[in-house]
Amino acid sequence: MLDPASTYSFDDTASFAKASEEKVGAGYVYTRWANPTIDAFEAAVADLEGAEEAEAFASGMAAISTTFLSACSSGDRIVAARQLYGGTFAILTQTLPRYGIEATLVDVADHAGIEAALDGASLLYCETIGNPRIEVANLPVLGKLAAAAGVPFVVDNTFASPVLCRPIEHGADVVIHSATKFLGGHHDLIGGVVCGSPPFLDKMRELARELGAVLSPFNAWLALRGIATIQLRVERSSAGAAKIARVLDEHAGIDGVFYPTLAGGSGADLAARLLGGHGGGTLAFDVAGGRERTARFQEALRVIMRAASLGGTHSLIVHAASVTHTQLTDAELDEAGISEGFCRLSVGLEDHDDLIADLLQALEASA
Ligand code: PLP
C-alpha cells in the first residue's frame with residue numbers, strides 16, 4: 001500500500017498531543033517521524049536481514065553518515081576496512097575528521113592490524129564484498145575482534161544483498177544497505193537502510209529524524225516492489241557475473257579479473273562459507289593497455305551501459321578512477337589497487353551470452 005501523506009490529522013487535540021510526544025507508536029503524525037509505507041519497507045528489510053529493526057534513509061550515504069554520527073562523538077575513532085565505496089572513504093577521511101572523529105583504515109584481510117587498531121576505537125566498519133575489488137570480508141573473524149574490543153561491528157551488505165549473506169548471522173551488530181542497488185533493483189530509486197537492534201538503532205533513529213534524510217514513501221513503495229523479486233534477480237546476476245569472470249580471465253586483453261569464486265585462495269573459501277558459494281552480481285577487471293584503451297573499450301560496448309550504480313535490471317560499467325573513486329588521490333588509488341584500466345561491471349538481467357558477446361566485440365574493437 002502506498003501512503004504518500006506527509007502529515008496526518010487528528011480528531012481531538014489530546015490524541016494529537018500524545019502522538020506528537022511519542023512521535024511513533026500512538027499513530028502516524030508526520031512522515032519525517034514515521035509513515036506506514038516506510039514502516040512496511042523497514043519491516044521487510046529487517047526480516048530479510050534477520051534483524052530486530054530497520055530504519056530507512058534517503059540514500060545509502062545518508063544511512064552510512066547518520067550511523068557514524070550517531071555512534072561517534074568528537075574524540076572517537078572508527079576502524080574501517082580500506083576496501084570501501086568512494087563516498088564512504090571520503091566521509092571517513094575528509095568529513096568526519098572536521099568534527100573530531102578520526103578513522104584508521106586497515107586492509108580487510110589484515111586481521112592482526114585490525115585487532116591492534118581496535119584498541120581504544122569506537123566502531124568497526126567493513127563491506128561484505130569490498131568495493132571495488134570484490135574482496136569478501138571474513139565477517140566471523142572481524143565480528144569476534146569487534147566483540148572482544150567491545151565495539152559495534154557495522155557491515156555494508158550492499159554488494160552481497162541479504163540473498164547471499166546475512167551478516168548478523170556472522171557476527172555483525174548493524175547492517176547497512178544502499179537500497180538504490182539490489183533491494184530496489186530497477187535503477188529507479190535512491191534509498192538506504194540500517195538494520196540492527198536497540199539501543200544502537202534508537203539512538204540512530206533520533207538523529208535521523210533531526211537530520212531529516214528520510215526515505216520518501218514513494219521510494220519505499222518502489223523498493224518493496226523490488227524486494228518481491230530480489231532472490232531471482234540476485235541469483236541471475238550472480239550466475240552471469242561468474243560466467244563473465246571466467247571468460248574474461250582467459251582473455252589476452254584483460255590483465256586481471258577480480259571475482260570471489262575465481263580466486264583459488266581465500267576468496268573462494270570465504271564465498272563458499274559466507275555467500276553460499278556465489279560471488280555476487282559485480283565483478284571487476286583490468287583492461288590491458290591503460291586509460292585510453294579502456295575508454296575505447298567502454299565506448300565500443302553496445303549492450304552494457306556506461307553508468308554508475310549496480311544491482312539493477314541493466315548491466316552497467318564504470319571506470320573506477322574517473323567515476324566511483326574520484327575522491328582518492330593517485331597514491332590512494334594505488335594503495336586500493338585501482339589501476340588506469342580498472343573497470344567495475346555490474347551484471348543485470350540480460351542474456352548472459354549477449355553480455356559476453358558485447359564484451360568480446362568491444363575488446364576486439366579497442367585493441
Ligand atoms: N555503499 C556501497 C557499497 C555503494 O556501492 C554505494 C553507492 O554506490 C553506497 C553505499 C552509497 O549508496 P547511495 O548511492 O544510495 O547513497
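Remember, it's 1-based here, ligands and their atoms both numbered in the order they're listed. What's counted below: heavy atoms across the whole structure, side chains too, no hydrogens, waters or symmetry copies.
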Going by distance alone, is a donor N or O of one side chain under 3.5 Å from an acceptor N or O of the other, for [X] and [Y]?
| X | Y | value |
| --- | --- | --- |
| Asp3 | Thr37 | no |
| Tyr259 | Asp249 | no |
| Tyr99 | Asp76 | no |

Contact check: [X] vs ligand 1, nitrogen or oxygen atoms, below 3.5 angstrom:
| X | value |
| --- | --- |
| Glu127 | no |
| Arg344 | no |
| Gly60 | yes |
| Ser178 | yes |

Do you know which two heavy atoms are closest between Cys165 and Thr128, and how far apart they sit?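 Closest heavy-atom pair between Cys165 and Thr128: SG-CG2, 3.8 Å.
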So which atom in Lys203 and which in Ser70 form the shortest heavy-atom distance, rounded to 0.1 Å?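 Scanning both residues completely, I find the closest heavy atoms to be NZ-O, 2.9 Å.
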Which atoms from ligand 1 have a heavy atom of [X] less than 4.0 Å away?
| X | answer |
| --- | --- |
| Gly191 | 15 (O) |
| Ile64 | 10 (C) |
| Phe159 | 3 (C), 5 (O) |

How far is [atom] from its nearest protein heavy atom, and which residue and atom name does that atom have?
| atom | result |
| --- | --- |
| atom 6 (C) of ligand 1 | Lys181 NZ, 3.3 Å |
| atom 2 (C) of ligand 1 | Asp156 OD2, 3.5 Å |
| atom 16 (O) of ligand 1 | Met61 N, 2.8 Å |
| atom 11 (C) of ligand 1 | Tyr85 CE2, 3.6 Å |
| atom 5 (O) of ligand 1 | Asn131 ND2, 3.1 Å |

Any side-chain heavy atom of Ile114 sitting closer than 4.5 Å to one from Val141?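 With C-beta onward as the side chain, the pair stays apart.
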Testing Gln231, Arg225, Arg233 for side-chain hydrogen bond (donor to acceptor under 3.5 Å, both in side chains) with Thr229, which one passes?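 Of all the options given, the one that passes is Arg233.
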Indicate the ring-plane relationship of Trp221 and Phe218, choosing parallel, tilted or perpendicular according to the 30° and 60° boundaries.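 It falls in the parallel class, under 30°.
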